[in-house]
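Values below: all heavy atoms of this structure, side chains included; hydrogens, waters and symmetry mates excluded. From a predicted model like this one, the values you see are computed outputs, not experimental measurements. Throughout, a chain's letter reflects where its sequence line sits, starting with A, and its residues are numbered from 1.
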Amino acid sequence: MAVLATNSNTQAAARRVNIWDTPWLNAKFVTGSSIIVLVLLFGLLGPLFWNTDLAFTASSPVNLPPMWDKGGSPEHPLGTESNGRDMLAQLVVGIPASLKVGLLAASIGMGIGILLGSLAGYLGGWTDHIIRTITDSVITIPSLMVLISIAAYVRMPDTTAMALILALFAWPGPTRLIRSQVLTLRERGFVRMALLSNVPALEIMLFEMVPNMLPWLAASLTGGISGAILGATGLEALGLGPTRVPSLGTIINYALNSSALVRGMVWWWLPPIITLVIIFTAFFLMTVGLDEIANPRLRGYGNGK
Amino acid sequence: MASDQKVLEVNDLNVHYFTPRGAVIAANAVNLYVKEGEIVGLVGESGCGKTTVAMSILQMVSAPGRIVGGEIKIEGQNIVNLPEKELRKIRWRKLALIPQGAMNSLNPVIKIREQMEDGITAHEKVRGVALRDKVFKLLNDVGLPERVYNMFPHELSGGMKQRVCIAMAVALNPVIIIADEPTSALDVVVQRVVAQTLLDVKTRLGVSMIMIGHDMGLQAQMVDRVAVMYAGNLVEVGPVGSIFEHPYHPYTRLLIDAIPSTKQKKSLKVTEGLTHDLRNPPRGCCFQFRCPFVRDACREKPPAFKQMAPDHFVACVQY
Amino acid sequence: MGGLTRSYFIQRVLMFFLTIWIGVTLTFVIPRLSGSDPTTAMLLTMMNQRGYVENADKIIESYKTSFGLNDPLPIQYIRYLGHVVRFDYGFSFARFPTAAWDMVTPALPWTLILLSVAAVLSFLIGVTVGSLMGWRKTPRWLQSILPISLTFTSIPYFMFGILLISIIAFKLHWLPATGGYSRSVDPGWNLPFIKDVLLHAVLPLISIVLTSMGGWALGMRGLMIGVNNEDYFLLAQAKGLSPARVFFRYGIRNAILPALTAFALGIGSLIGGSILVEFIFAYPGTGYTLYRAIQEQDYTVIQTITNLIIIITAAGVLILDLLYPLIDPRITYKRNVAS
Amino acid sequence: APQPAAPPAATQPTEAPKAAEATQPAEATAEPAAANPMDYLNAPREDTLIIDQPYKLETFDNWNPYTPGNAFGWGMSEIGMDDLMYLNYGDGKYIMWMAEAVESNDDATVWTLHLRKGITWNDGVPFTADDIVFTINMQIKNDKLSNHFYWAEWLDKVEKVDDYTVKYTLKKPNVRFSAERISGGVGVFPDIFVPKHIWETVEDPTTFKNYDPAKGLPLGTGAYILAKVTTNETILVRNDNWWGAKTGFAKLPEPKKVVFSYVGTEEVRTQTAIDNGFDSMQDITVGALQAILTQNPKWEAWFKDKPYAVPDPCARIISFNSLKQPWDDKDMRKMMSLVMDRQQIVDIAYEGSTTLAAYFWPAYSSMKPYSDLVDKETYESFLQPNLAAAEEILKAKGYVKGAKYWAKDGKDLAIEIQVPEDFIELIRVGDVYVEQLQKFGINASESKLGSVFYDNSANGNYEAQSNWFACGSVNEPWTTLNTFAGEAAPIGQRPKGPPIDNAFRWSNKQYTDLVAQIGVTKLDDPKLMELTKQALAILYDELPAIPSAQSRKIVPFNYTYWTGWPTSENYYIFPCNWCHLFTVAMTKITKAQK
Amino acid sequence: MEQPIISVQDATKIYGGGFLSTSKPFVALDRFSLDIYESQAKIVTIAGESGSGKTTLANLVLGFILPSSGKIMYKGQDVSTMTREQRRIYRKEVQAIFQDPYEVYNPFYRVSHIFNMVVRHFNLAQNKNEAQQLIEDALNVVGLRGSEILEKYPHQLSGGQRQRIMVARAYMLRPRLIVADEPVSAVDASLRAMILDIMLKLRDRHHISFLYITHDLSTAYQISDKMYVLFQGTTVERGNAGKIIENPRHPYVQELIDSIPVPDPKMKWNTNITLPPEEVMRMKSSVGCRFYPRCAKHMDICTRAFPEYTQVEEDHEVACYLYQ
Ligand SMILES: Nc1ncnc2c1ncn2[C@@H]1O[C@H](COP(=O)(O)OP(=O)(O)OP(=O)(O)O)[C@@H](O)[C@H]1O
Ligand SMILES: Nc1ncnc2c1ncn2[C@@H]1O[C@H](COP(=O)(O)OP(=O)(O)OP(=O)(O)O)[C@@H](O)[C@H]1O
Ligand SMILES: [Mg+2]
Ligand SMILES: [Mg+2]
């Protein structure tokens with residue numbers, strides 16, 4: 001009986017095979033990326049529905065609770081904080097700002113990592129030794145020292161500059177990781193095939209090796225992104241952040257600086273944290289999905305016993 | 001040599017791999033038995049489900065695979081759907097495995113002794129000197145020096161690793177050993193040494209074996225009975241002599257004809273056609289797309305097994 | 001057996017010194033890049049204590065000359081290398097006349113003990129969680145719960161720490177909130193003190209471990225997935241070994257190797273302490289000292305701590321590299337070590 | 001004409017609280033003196049006073065008061081030492097303590113200090129003029145000790161007349177010598193003396209750490225002795241043999257043990273306070289204060305209600321760099337002031353915990369006569385923004401309002417305001433002001449900086465800063481006025497010579513001359529008011545800086561264990577638990593009745 | 001004289017060793033020489049046990065690794081010092097197919113990817129249609145149709161298909177030489193014949209030479225013209241494939257041929273072979289014959305120097321002292 005049932009399922013699946021038969025349609029990957037898209041949409045479309053000027057200091061009454069609480073007002077549905085900023089507006093502005101910093105910093109770090117890691121892994125020999133030594137040395141230098149030194153120089157960075165600064169510390173990890181991956185991928189058949197097809201090194205790297213490193217890259221990107229978002233929060237605390245434009249980090253910083261916790265202003269500190277957790281979870285889901293995509297043996301993993 | 005006691009029976013085994021895009025039918029109504037002291041060869045092209053059958057017997061089909069039907073009896077006991085704990089007791093004690101890739105089947109970072117010992121101690125209360133002596137004896141049985149005991153896998157050659165695997169498999173005197181292409185990664189000289197070891201162990205201990213492989217030459221040398229698989233289906237089973245003399249199924253014939261010889265040059269026998277997608281098997285005979293003798297009847301319903309000679313069965317509409 | 005070959009040893013030791021030299025030089029260069037003046041902080045503290053500081057420029061010149069800050073950079077660099085070799089960097093610039101070392105030593109044991117325990121715990125737990133997530137045989141309920149523990153990684157540490165304090169220390173009164181020990185106990189090798197220190201360490205420990213294990217877990221998960229597909233892993237299962245043995249001896253034992261390198265690289269940062277931990281839990285430690293020193297451009301203190309970090313990291317990596325042939329017997333046969 | 005505030009020598013000093021007058025529970029005096037003060041280390045909570053410290057003590061083993069990295073401010077200067085006299089901001093009067101009187105000759109070049117009799121160091125050795133002379137000469141001899149250059153500039157010689165009389169001979173007249181040095185500027189940083197009998201054996205006073213609790217170091221004259229130090233707290237125990245109580249000059253303070261304690265972030269401090277872990281706090285945010293007040297009714301702030309806070313001496317300002325275009329133009333600076341909505345700053349940045357600012361000094365009653373010198377119209381122009389007037393100025397300067405910003409020659413008008421990153425109050429002022437400017441059409445931005453902030457200030461690397469650098473006056477305006485006087489050092493160089501605080505890069509010869517004149521005019525000279533008025537007219541016309549808010553400190557007290565705290569209603573001393581004025585409060589507080 | 005398309009001259013490959021290396025030097029290929037001429041397409045077999053240096057040789061010929069000493073010449077040009085353009089031509093003319101037909105596909109791309117790569121980087125076609133035509137033609141040679149497979153992912157193909165596609169890919173470039181590293185050892189018997197058949201066709205119809213690397217002497221016997229038998233990096237016997245297999249001279253080659261299982265259940269193995277203990281086999285003398293420890297007929301002289309090649313018959317040389 002059971003056999004028959006599965007057979008008919010199979011037949012059904014077979015009919016629509018071609019369009020859908022791409023590894024990218026992985027449930028986890030799709031869920032994760034949809035969440036990210038939703039979060040981005042919230043930031044992108046938010047300004048159409050909500051006045052983002054309310055995200056600036058002194059634009060609203062102070063310390064209003066969210067509208068469902070006593071004393072809240074529908075004009076500020078998520079409440080306001082002590083500097084007279086509307087929470088909803090801050091989230092609308094802050095979420096994309098943080099995501100941008102996180103993504104940018106992590107991808108720049110990853111980019112440098114890919115470049116150096118592949119150079120080291122690909123060329124080997126002295127290049128490898130030099131890159132490896134430098135990477136290991138840089139890992140040992142406390143990032144704080146560099147950050148504060150930069151803080152003295154770079155004034156008022158916008159989110160891009162901030163991402164660049166964070167990227168300074170985001171590359172050694174990926175470099176090591178990618179180096180070791182390249183070392184193994186270098187011997188793989190499809191890389192050899194690309195070599196035989198006269199494909200230039202850069203293209204081999206980007207189009208042959210990188211996709212196969214995706215699970216590792218994704219895991220390290222996920223770590224990198226949440227690391228960068230948190231790092232940005234720290235930088236903002238150091239005074240390196242763009243001060244006017246709120247990000248999740250600045251919201252949290254201000255909340256702490258104003259004792260939001262002891263004042264019981266949950267509507268102030270909790271939303272940015274929930275957002276961070278959602279973003280992280282989404283990227284984590286994408287990582288898991290990518291694992292399954294790149295590793296056919298994992299696909300559909302969980303259905304079995 | 002072989003008694004008539006069936007130590008292993010596989011009845012109507014169906015194994016599917018549930019991929020997101022349809023179930024791969026990797027074993028379809030497979031019926032097989034192994035008698036005491038017998039070596040059954042399981043041959044077939046790559047991807048036809050040999051390993052799947054082997055793993056099903058061990059109840060270790062890897063996810064997303066699942067046994068969806070049938071039973072597997074070891075000494076009369078059905079082990080399908082036995083709880084994990086019970087299975088652990090049966091594994092290795094009754095059912096041992098010589099895995100497909102001996103090269104990678106030993107944990108590279110722990111010593112041979114530990115890998116051999118843990119299989120034993122997981123099932124038997126042997127400790128200390130007795131345990132060590134037992135391991136020494138096993139190594140000795142497969143012709144390995146005692147010093148292997150303290151070595152790491154990377155210090156051994158491929159043939160030695162394979163022999164370590166054999167030694168591990170026979171450690172508990174199992175009822176049946178499943179050897180999944182035990183020599184396919186080895187070159188001929190070493191392959192022969194390993195094959196000899198296997199045969200030697202088998203005659204001494206009288207264990208039964210399933211020998212998976214696709215080298216018909218090696219099968220001819222080693223097994224008592226051959227089972228031919230194609231795309232998840234068993235197509236022919238019979239005593240080795242009978243099969244080599246009289247391959248009934250066109251696929252079996254193809255396999256035997258394709259064996260290259262070093263004695264005379266002959267033109268290569270090339271067949272056309274492709275194996276179907278295992279997710280989407282055709283109605284009727286599984287071999288219909290590649291069979292030179294295909295006729296309408298083949299496309300209607302799967303052929304039933306017919307006995308052609310003593311113990312020699314074939315599933316083909318021709319007969 | 002693999003073991004240590006001479007060339008392997010020499011190479012590692014060379015690497016050790018090279019890494020140190022690069023790091024030490026960066027430590028010299030980076031603080032000087034910021035262009036701000038190490039004596040500013042000195043003036044500031046004086047201002048805080050004395051209000052008005054008359055003739056600040058004269059005081060600054062007087063200190064600068066005695067610290068040698070007016071010398072050309074190459075000379076300062078050479079003098080600095082001398083400091084590095086002697087392991088003594090002189091007075092703290094901002095806290096004259098305290099020696100740079102004296103700024104560091106009282107805090108060091110606190111930082112080291114708390115952070116090394118935390119680092120080891122977070123590594124162990126992270127590795128276990130990650131491995132469980134990557135292991136096929138993990139019970140499904142665990143599979144679905146474990147990822148939740150990763151989300152701690154995404155919560156800013158200070159927020160998390162403060163939440164923990166408010167709930168566990170202030171609401172529930174289970175544990176002391178902050179500090180290294182209570183004022184009622186006498187530091188020393190006596191039982192009440194040790195007990196008190198341990199109690200004070202619990203909250204910081206929990207918060208570090210929870211927020212940092214996710215990183216290990218994430219990486220370990222990937223490694224474990226790889227091991228899952230290895231033939232030896234399957235064979236171990238076929239042998240009927242207990243799941244625990246398969247998991248630890250055949251799973252983690254193999255998957256952990258790359259993670260160990262990362263761990264060794266992180267050893268040095270223990271000295272750097274965790275500013276946030278020390279800030280939030282008012283825990284005595286070098287992280288805050290380093291932070292303050294950087295803020296105040298206190299070159300000698302920066303150098304003392306940073307170079308300690310560099311040397312210990314390099315030593316950690318060296319030791320790991322030398323031990324690696326024992327952990328991974330294949331190593332001297334493989335072309336690329338510990339990556 | 002308004003009366004000038006009392007100079008210390010010229011007015012009747014308020015009497016120090018007499019032990020006899022002090023109302024105190026009988027059992028407190030009946031208590032026998034402790035054999036060893038260290039026994040008080042185990043004093044129970046109700047005998048202990050715990051003061052919140054917002055930062056960590058890093059160099060806890062350096063108690064040399066003259067080196068930059070010392071641990072003073074962690075109990076020692078507050079209650080471990082006595083000062084010559086204390087200034088009560090409440091009435092602008094001095095409370096004489098170790099000094100009985102200070103007087104000067106007519107041209108203010110010779111000053112004489114009279115010490116009280118019976119003062120002893122905590123080891124029993126008498127405190128005499130020798131100690132003072134020794135301390136000052138030691139500083140003159142060592143250019144690394146913090147007051148060296150002050151003494152070098154002003155002091156010709158210091159002599160002992162007798163054990164209780166010290167004579168200072170100055171190189172040039174200084175009418176404020178007593179205020180500046182003897183009681184110390186705003187009254188927070190007085191001269192500290194060291195025991196000659198210990199320090200004369202010290203080889204190098206610049207590297208001597210003065211720390212060895214076992215040997216009684218640091219040695220002071222105060223009612224408390226340093227007992228135990230860690231990075232997170234210092235503990236002082238009462239010296240029952242304190243000279244003040246023995247001579248009957250003052251009441252022996254009741255707390256047997258005083259702890260200065262650092263517990264971490266504000267959240268933790270607040271929660272500790274709610275749990276009665278502190279008796280007094282300093283510098284917390286309004287939010288935290290409100291949380292404390294609602295959750296523990298035993299806490300009270302200076303004012304029971306808003307603004308809660310006690311006005312602090314250092315008024316908050318936005319200072320402009322008068323060497324940088326376009327802020328070298330006084331009209332532009334004025335425009336910046338017109339745009340500023342000070343009420344909003346009070347409401348948002350301070351959450352109502354301070355008052356409007358029109359002055360560069362605190363609105364203390366003793367300052368009122370001087371504040372009144374600023375004409376009413378000018379004063380009122382600071383109370384409300386006047387955007388129309390600001391626009392007029394910009395138009396007159398050739399600026400045109402674009403889509404977003406005012407612009408000239410195609411360049412948007414922009415300004416970067418620097419704020420110190422560890423000073424949340426100033427950051428929040430900056431935040432609000434930046435928004436006001438943005439709304440008005442000036443592309444303002446804010447940079448939070450670490451210690452570079454101060455470098456920049458000294459070297460002129462800024463356009464505008466949110467700071468407090470006009471600080472100094474509490475009972476008469478000269479100190480603050482002096483911060484604007486002098487030459488403007490070129491950008492990139494530190495200002496040389498006094499006054500060092502002219503970080504404004506603003507220079508006005510006429511003003512500088514006026515301030516110099518005020519500096520040598522005796523405080524009871526009627527000329528003083530006129531000169532001050534002239535100087536203020538220039539200052540308010542040029543506005544090298546603009547006041548942003550009155551400063552405030554939130555200093556709540558806990559009445560669970562102790563009462564008698566200074567409050568707005570009982571202003572016997574500024575409630576400063578982080579400075580030496582606390583010594584006075586210590587003699588006033590009493591155990592709470594259970 | 002005609003210039004060989006590929007000439008391997010005394011190529012030695014040593015792995016490891018060196019200042020910053022962590023492993024002991026290991027001679028994977030020892031003074032190997034070989035010439036392949038264009039005029040007469042041949043299938044040259046390199047046979048030998050696992051680890052004997054076969055893949056090393058393939059990698060050398062393909063320029064993936066450089067020899068430690070000796071030279072690899074492509075039409076008289078040293079492979080290691082080629083210009084970009086020279087390399088392009090060399091790549092076009094010397095192609096390869098590998099053992100594992102799964103590994104060579106990037107799992108992320110459809111099958112068409114590997115064809116597009118070739119078309120693009122060798123400028124084989126002016127436009128899409130032309131490219132399509134080329135690909136289709138190449139697939140037809142190996143008996144496949146583009147419409148069936150190009151849009152599939154590699155994991156959707158059978159092993160035989162995958163391997164044939166690789167052959168088609170190589171063929172598309174019309175190379176002069178295809179290095180085939182164990183092209184059939186991972187496919188089963190029925191598919192093996194098909195691939196070997198295609199190789200023969202390419203040799204005969206399209207004059208493509210093959211460097212056929214295998215450990216399976218029986219297939220070598222069936223299709224190859226020339227053969228080199230390697231043992232631990234050294235060539236022990238070389239010459240006409242048929243002659244070597246029918247009449248092996250070197251004790252090692254004899255042992256190899258003896259060990260091929262006979263596909264006849266009636267003729268079971270009756271002799272036992274044993275190998276000497278592993279440590280003896282590992283003691284490789286750097287001079288002398290490497291087979292010495294395993295050799296039943298070893299003599300003292302064998303350890304002294306590597307034996308010269310002796311011609312035992314026409315087109316059949318052996319490196320063994322037995323024949324000197
Ligand atoms: N985890 C899996 N997920 C999906 N399909 C699988 C999985 N494992 C095996 N299969 C499919 O099941 C079929 C049978 O595979 P199996 O490994 O049993 O073949 P085999 O006969 O052992 O092949 P080989 O000779 O290559 O070892 C194949 O078509 C394979 O693609
Ligand atoms: N990159 C490398 N570094 C170090 N040693 C290597 C490397 N590649 C190969 N070797 C060693 O060189 C020897 C020859 O390897 P090669 O791959 O050429 O053998 P092969 O004849 O192709 O074997 P197989 O039949 O197993 O493919 C082997 O012992 C191998 O371990
Ligand atoms: Mg298989
Ligand atoms: Mg090979």
Side-chain angles (χ1 to χ4, degrees), chain B residues 51 54-55 57-64 84-112 114-124 147 150-155 161 164-165 168-169 171-172 174 177-178 180 185, chain C residues 1-3 5 133-140 142-143 223-261 320 323-338:
Chain B
T51 302
M55 287 317 212
I57 296 171
L58 282 161
Q59 298 292 297
M60 271 182 51
V61 184
S62 61
E84 185 74 25
K85 238 181 157 171
E86 298 297 313
L87 280 175
R88 274 216 305 280
K89 285 185 203 147
I90 290 171
R91 287 187 191 140
W92 223 244
R93 194 192 264 291
K94 293 191 175 174
L95 264 176
L97 173 75
I98 299 171
Q100 185 156 16
M103 293 300 158
N104 303 317
S105 292
L106 295 173
N107 187 342
V109 299
I110 58 184
K111 286 187 177 173
I112 299 295
E114 201 182 323
Q115 304 193 44
M116 293 190 65
E117 285 171 358
D118 64 7
I120 300 170
T121 52
H123 301 278
E124 279 179 4
R147 108 202 115 74
N150 260 326
M151 296 219 280
F152 285 101
H154 69 89
E155 296 169 273
K161 280 188 219 169
V164 169
C165 286
M168 289 202 298
L172 297 179
I177 295 175
I178 296 167
D180 191 353
Chain C
M1 239 214 88
T5 60
M133 283 197 300
W135 188 32
R136 294 237 177 94
K137 283 271 143 66
T138 307
R140 287 195 78 174
L142 248 186
Q143 278 286 6
L223 294 166
M224 191 70 177
I225 285 176
V227 172
N228 260 313
N229 295 328
E230 296 286 348
D231 291 333
Y232 58 79
F233 197 77
L234 289 176
L235 183 62
Q237 280 168 274
K239 284 200 279 187
L241 303 183
S242 69
R245 186 160 177 94
V246 174
F247 180 64
F248 286 108
R249 284 304 275 173
Y250 291 80
I252 291 188
R253 177 71 176 76
N254 290 72
I256 206 170
L257 297 172
L260 276 178
T261 315
L320 184 82
L323 288 181
Y324 221 100
L326 299 181
I327 314 168
D328 184 350
R330 293 163 297 180
I331 207 64
T332 39
Y333 288 88
K334 283 206 300 195
R335 275 175 312 144
N336 300 290
V337 184

Minimum heavy-atom separation for [X] to [Y], with atom names?
X	Y	answer
B:Ile110	C:Arg249	CG2-NH2, 3.2 Å
C:Leu235	B:Ser105	CD2-O, 3.4 Å
C:Lys239	B:Gln115	NZ-O, 2.5 Å
C:Gly240	B:Ala122	O-CB, 4.1 Å
B:Arg91	C:Ala238	CB-O, 3.3 Å

Are any of the side-chain heavy atoms of C:Leu241 and B:Trp92 separated by less than 4.5 Å?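 C:Leu241 does not reach B:Trp92 side chain to side chain.
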Step-by-step salt bridge (charged side-chain N to carboxylate O under 4.0 Å, His left out) determination, C:Arg245 to B:Asp118: CA-CA 9 Å; C:Arg245 186 160 177 94; B:Asp118 64 7; 3.2 Å; yes
For the interface with chain C, which of B:Leu58, B:Asn107, B:Leu97 has the highest count of heavy-atom pairs at distances below 4.5 Å? B:Asn107
Chain C heavy atoms under 4.5 Å from B:Met151: which part of the residue, side chain, backbone, both or neither? neither
Any chance you could measure B:Glu84, atom CD, to C:Lys137, atom NZ, to the nearest 0.5 Å? 5.0 Å
